[in-house]
Amino acid sequence: MSEQVPQLQQDPQQILEHVFGYSAFRGPQQAVIDTLVSGRDALVLMPTGGGKSLCYQIPALARPGCGVVISPLIALMQDQVEALQAAGVRAAFLNSSLPFNEVQDIETALLHGELDLLYLAPERLLQPRTLELLTRIELSLFAIDEAHCVSQWGHDFRADYLHLNCLHEQFPRVPRIALTATADQRTRGEIAQRLDLEQAEHFVSSFDRPNIQYRIAQKNNPRRQLLQFLRDEQQDNAGIVYCLSRAKVENTAEWLCQQGFNALPYHAGLPAQMRAEHQRRFLREDGVIVVATIAFGMGIDKPDVRFVAHLDLPKSVEAYYQETGRAGRDGEASTALLLYGLEDVVKLGQMAAMSEGSEEHKRQERNRLNAMLGLCEITSCRRQALLRYFAEEQLEPCGNCDTCLEPPQTWDGTQAATKLLSCVYRTGQRFGASHVIDVLRGSENEKVLKFNHHQVSTYGIGRELSANEWKGVVRQLVVRGYLEVEGEFQGLRLTEACRPLLRGEESIELRKLPPKARGERGESRRDSVAADIDPADEPLWQALRGCRKQLADDNGVPPYVIFHDATLRGMVQAKPQTPDQLLAVSGVGDSKLERFGEAFLTVLRESQAAPVEE
Ligand code: ADP
Ligand code: ZN
């Protein structure tokens with residue numbers, strides 16, 4: 001295999017095309033790259049999947065010398081370096097996992113000017129030995145990835161990051177770029193200040209993730225709902241299913257396996273070795289579903305996660321945004337599905353109340369939970385609400401969330417709410433939702449009879465709604481603060497807020513349940529990548545995926561390091577038959593063409609030659 005000599009390709013546009021195989025820059029990429037190429041500093045705020053890496057990888061190739069990338073997670077470093085090497089870039093990383101002789105080889109290459117990009121953890125960089133080494137070579141730039149790690153308020157604080165301002169003092173002529181996907185404003189200010197980047201050019205992108213479809217549905221039979229979602233829309237796709245408890249993680253994974261899916265559990269209680277193995281399989285194999293607690297996700301840079309499904313309510317909008325954000329880093333259509341119900345509202349409310357910490361802390365947790373519930377219950381565009389939460393105004397409804405796609409119906413729930421509240425009152429404000437609903441619907445079950453509740457005035461006055469519909473009413477009244485859930489038996493109790501409603505001075509609009517559970521939609525909405533494939537091309541698509549998997553296994557890398565889904569889809573559409581035609585497909589650069597081109601062309605040619613079924 002011939003050596004690539006990328007430093008001869010000095011023009012960013014050329015590098016974009018030949019090394020990375022893309023035809024155009026995205027968003028602010030070009031402006032960021034120009035800033036660095038001309039020797040100035042940059043601070044880049046871009047959502048996950050926005051394309052931050054190219055912002056420093058291209059200038060590092062365009063400028064003379066080696067670019068140093070500071071990254072907090074060893075796993076991610078290895079990922080990036082593998083992907084760069086596959087594209088023919090001379091990249092390496094130094095960290096404590098490497099044997100001494102490999103470290104020496106890399107240092108030698110560095111001193112001989114044979115590296116274009118070097119990845120380091122901050123603690124490694126700050127060692128006197130490393131800093132000394134860097135003074136002896138030509139440097140093209142410093143890139144500080146995950147720059148929010150300097151923020152002491154953030155969740156990923158790394159003390160070493162605070163010392164990174166020394167780069168500015170020791171290497172005043174080397175341009176620096178700091179990058180983060182953190183949306184909140186306070187953190188931005190801190191990054192600029194702590195890293196001495198106030199003079200830098202700031203590039204702030206929208207935090208919207210337009211390729212993620214947000215869907216929040218009421219939980220009625222969560223397993224059936226999940227199954228339908230997976231079967232209708234996500235066949236063969238990789239995804240994450242989040243659950244709150246370890247036990248639920250385990251039995252959900254087991255059940256998914258019984259249903260024929262390739263599902264693996266992941267939570268902090270599993271042996272470290274098993275966790276590492278499950279994470280490895282998620283990265284390396286096609287179509288693996290990980291069922292996990294929130295312990296899973298940090299440091300997972302897999303670009304082709306096609307869905308994130310929550311079977312329990314996240315604790316805050318921040319958590320929801322971060323967890324759903326793990327879908328679709330590659331910019332391809334992805335889905336975030338959340339199923340939630342009354343039991344989540346009750347459980348999380350109780351967890352907040354019982355949590356350690358001051359009253360103030362509990363109040364804040366309660367507020368965060370309420371904001372999350374607000375997002376679940378709104379009848380307008382979810383994306384607008386989500387972005388507004390992060391102080392970003394989006395003028396138009398998005399057209400790609402459940403409320404935009406199937407606007408929820410509302411109904412005048414005043415009478416139903418009044419019946420429910422009265423029934424809670426008549427039964428003594430200590431019974432849980434299902435008992436109150438039994439009374440309203442005139443059930444003759446044992447518990448109703450035992451407490452003589454068939455004799456209260458509200459007995460049987462609510463037969464017009466199903467038990468499920470009543471549950472929806474209870475949930476919405478709890479979320480809006482008319483009812484509280486209390487104690488071990490989760491008894492419902494009225495709050496002060498009920499008075500105007502009970503006196504008939506207030507009316508209330510409630511969200512209708514969707515006509516039937518999702519999936520009775522007839523034409524199912526198929527958003528997966530595979531769904532964009534013409535059925536006639538399905539065999540070709542599968543053959544290309546098989547070819548990719550084979551090459552990935554041969555090279556010991558994850559499939560997406562060979563080519564992303566978008567690139568395979570480009571091949572299906574264009575059906576290239578020659579190397580030049582293949583090069584025109586987005587994501588195919590010179591080096592990948594040389595290394596993998598023939599294998600894919602063989603598959604493509606065979607599929608063209610295949611005789612048509614008589
Ligand atoms: P981030 O680090 O911001 O999460 P990445 O740098 O990993 O995002 O890029 C996300 C995806 O977008 C990657 O698959 C990358 O190859 C792709 N990408 C980035 N820039 C471009 C571009 N200009 N054209 C096409 N694809 C791009
Ligand atoms: Zn919308």
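We count ligands from 1, going down the list as the structure has it; atoms in each ligand are counted the same way.
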Exercise for review: Take the Zn ion (ligand 2) as the centre and count protein N, O or S atoms at distances under 2.8 Å.
Suggested key: 4
Exercise for review: For the pair K302 and D304, evaluate salt bridge (charged side-chain N to carboxylate O under 4.0 Å, His left out) and give the outcome as yes or no after the intermediate values.
Suggested key: CA-CA 6 Å; K302 186 175 166 63; D304 54 353; 3.1 Å; yes
Study note, to complete from the structure: ligand 1 to P47, heavy atom cutoff 4.0 Å, flagged ligand atoms 3 (O)
Check your understanding: Going by the order shown, which atoms of ligand 1 are within less than 4.0 Å of some heavy atom of H564?
Key -> 13 (C), 14 (O), 16 (O)
Point to revise | Note, T335 side chain near F229 side chain (heavy atom, < 4.5 Å) | key: yes
Check your understanding: Counting each atom of ligand 1 from 1 as listed, which ones have a heavy atom of A24 under 4.0 Å away?
Key -> 22 (C), 23 (N), 24 (N)
Check your understanding: Taking the non-hydrogen atoms of G50, is any one of them nearer than 4.0 angstrom to ligand 1?
Key -> yes
Check your understanding: Between I58 and F25, is any pair of side-chain heavy atoms under 4.5 Å apart?
Key -> yes
**Study point:** Spacing of L369 atom CG and D344 atom CG [to the nearest 0.5 Å]
**Key:** 9.5 Å
Exercise for review: Please confirm whether G49 comes within less than 3.5 Å of ligand 1 when only nitrogen or oxygen atoms on both sides are compared.
Suggested key: yes
Exercise for review: Return the residue, atom name and 0.1 Å-rounded distance of the protein heavy atom closest to atom 9 (O) of ligand 1.
Suggested key: G51 CA, 3.5 Å
Review point. Going by heavy atoms in the side chains, are L54 and Q57 under 4.5 Å from each other?
Key: yes
Point to revise | Option of least heavy-atom distance to atom 12 (O) of ligand 1 (set: Q29, R26, R329) | key: R26
Point to revise | Closest to atom 25 (C) of ligand 1 among F20, Y22, Y56, Y560 (heavy-atom distance) | key: Y22
Review point. How are the rings of Y320 and H310 set to each other: parallel, tilted or perpendicular (split at 30° and 60°)?
Key: tilted
Review point. For E377, which of R511, R480, R475 qualifies under salt bridge (Lys or Arg N to Asp or Glu O under 4.0 Å)?
Key: R475
**Study point:** Atoms in ligand 1 with a heavy atom of S53 nearer than 4.0 Å
**Key:** 2 (O), 5 (P), 6 (O), 7 (O)
**Study point:** Protein contact of atom 3 (O) of ligand 1 - nearest heavy atom, named by residue and atom, plus distance
**Key:** K52 NZ, 2.8 Å
Exercise for review: Sort out for me which residue in R382, Q213, R215 forms a side chain to side chain donor-acceptor pair (under 3.5 Å) with N400.
Suggested key: Q213
Exercise for review: Flag the pair I216 / Y340 as yes when at least one side-chain heavy-atom distance between them is below 4.5 Å, and no otherwise.
Suggested key: yes
Practice item. Check whether any side-chain N or O of K549 sits under 3.5 Å from a backbone N or O of D286 as a donor-acceptor pair, and report yes or no. Key: no
Revision key, fill the gap. Here the atoms of ligand 1 under 4.0 Å from any heavy atom belonging to F25 are 23 (N)
Check your understanding: Ring centres of Y321 and F207 under 6.0 Å apart?
Key -> no
